[in-house]
There are 2 protein chains.
Amino acid sequence: MTRAPLTPAAVVAEAAALADADGLEAVTLSAVARRLGVRTPSLYSHVRDHAALLDGISTLALADLTARIAQAVAGRSGRAALEGLLGAHRAFARDAPGRWQALQRRTGPDVARSDAARSLVVLTDAVLHGYDLPPGERVHATRLLGSTVNGYLTLERAGSFDHSEPSPDVSWGRTIDALDALLRAWPAAAPASAPKAD
Amino acid sequence: MTRAPLTPAAVVAEAAALADADGLEAVTLSAVARRLGVRTPSLYSHVRDHAALLDGISTLALADLTARIAQAVAGRSGRAALEGLLGAHRAFARDAPGRWQALQRRTGPDVARSDAARSLVVLTDAVLHGYDLPPGERVHATRLLGSTVNGYLTLERAGSFDHSEPSPDVSWGRTIDALDALLRAWPAAAPASAPKAD
DNA sequence: CCCCTAGCCTACACCCTTTAGGTCAGGGGC
DNA sequence: GCCCCTGACCTAAAGGGTGTAGGCTAGGGG
């Protein structure tokens, strides 16, 4: 009956679904094989090894995230675009926690060189285009934006905000306010870090 | 000869050293036992299980980090204190990468309730005291600061900054500039996100 | 019609976690 | 002073995950 052709893509997709359901640490070749109704060694025809499987999930996740962001920032600019960008990250982390986890790992070089990785940078850059940054500063702003959203979601998902009062949702709004304000009033390069004499 | 008493603290310390040397994923009970010259099952008298061992590393790491921060911000305020706070995080991530990794995991509740966790919040809060924030805003600023530094270091260590031009060190300086500027000109609460009526 | 290839299978070697139960040495009670 | 008891480490073993070697089968091309 040849019930399922079982391609590399199908294996990775199943692994991603498992990651979203049970966490990335639950993604073992054994578990994926079980879900596919296949014996473990059969997967090695489609995936090199465990690390390659995780890299596959990362690549898939990056493509998913980029697609969401593209949708969220389309036709918007300035603060609305910023909200879209950040919101897309957060929604992705909520809806696809396993894939999100996969993006936090140090991956093989293929992931960084993928089209999705490039698109993500381009999209973020486009959002920053709405703010009036000096050309050389855009990279720094991109990195800061990426750092903050990444860190926020990591801490939120790790429960680090569960031990103090205002709900993470409130801080999330204030974080967007703060980043928007920061991008509008981006400090000039080296204003106080390399003063002439005083 | 009773060569080594082998206490819970000694086991965790050895595990932390291994994590710093070979990465947190290399911390297995087997590997720790080998380093201690002991058979694996012997460790179970001192550590409940693998998860507890990792939690132990996290607690230790949090204490280490807090101590560094305390040192780095002592007697400083304003931007100098901010630099100290952020710099201590970064130095810790560089010097003790395994412990740093341990702080990124979702831990058991004991870690969050530890003295070190409380101290970390207090110290961060103290740094913010040098900036003139409305009382209700300090929590948000603390969270944003934590998010950004965490995210930055995660991305830096993951190599995410290796594919674009300026070195991470440059962006690090600009990040501090930006955060300093942001804290000085913190946007008023709910300027656009929850207006009364307009 | 036969063979060859592709894809899944069984068998196995190795490592890590965790439990069960043995052994030995040193300290407290008699 | 002797005996027992406890604590710390040990061996044995089960269970599950990774990864390799090699077999079986079915369908397509010569």
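Order of the sequence lines sets the chain letters (A, B, ...), proteins ahead of strands, with each chain counted from 1. What's counted below: heavy atoms across the whole structure, side chains too, no hydrogens, waters or symmetry copies.
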Whole-Å distance separating the CG atom of Asp49(B) from the P atom of dC16(C): 17 Å
Any Ser42(A) side-chain nitrogen or oxygen under 4.0 Å from OP1 or OP2 of dC9(C): yes
Tell me: NE2 of His46(A) to P of dG7(C), nearest whole Å? 7 Å
Answer with base, sugar-phosphate or nothing: what part of the nucleic acid does Arg34(A) contact at a heavy-atom distance below 4.0 Å? sugar-phosphate
Just the rounded figure in Å: distance from P of dC16(C) to OH of Tyr44(B). 12 Å
Charged tip of Arg143(A) within 45° of Phe161(B) ring normal and under 6.0 Å: yes
Give one of base, sugar-phosphate or nothing for Ser30(B), where a contact means two heavy atoms less than 4.0 Å apart. base
NA contact type, Thr40(B), heavy-atom cut-off 4.0 Å: base, sugar-phosphate, or nothing? base
Residue Arg39(A), side-chain atoms from C-beta onward, closest of dT18(C), dG17(D), dT10(C): dT10(C)
Could you grab the distance from atom OH of Tyr152(B) to atom CG of Asn150(A), nearest 0.5 Å is fine? 13.0 Å
In this structure, how many angstroms lie between the P atom of dT17(C) and the CG atom of Leu53(B), rounded? 9 Å
Rounded to whole angstrom units, what separation is found between the CG atom of Leu43(A) and the P atom of dT18(D)? 10 Å
Nearest to the Val38(A) side chain among dC9(C), dT20(D), dA20(C), which nucleotide is it? dC9(C)
Under 3.5 Å, is there a donor-acceptor pair between the side chain of Gln101(B) and the main chain of Leu24(B)? yes
Rounded to whole angstrom units, what separation is found between the CG atom of Leu54(B) and the P atom of dT18(C)? 10 Å
Side chains of Thr148(B) and Thr148(A): donor-acceptor distance under 3.5 Å anywhere? yes
Tell me which nucleotide among dT11(D), dT17(C), dG19(D) gets nearest to the side chain of His50(B). dT17(C)
Could you state the CD-P distance from Glu25(B) to dC16(C), rounded to the nearest angstrom? 14 Å
Asp49(A) CG to Leu54(A) CG distance, which is reported to the nearest 0.5 Å: 9.0 Å
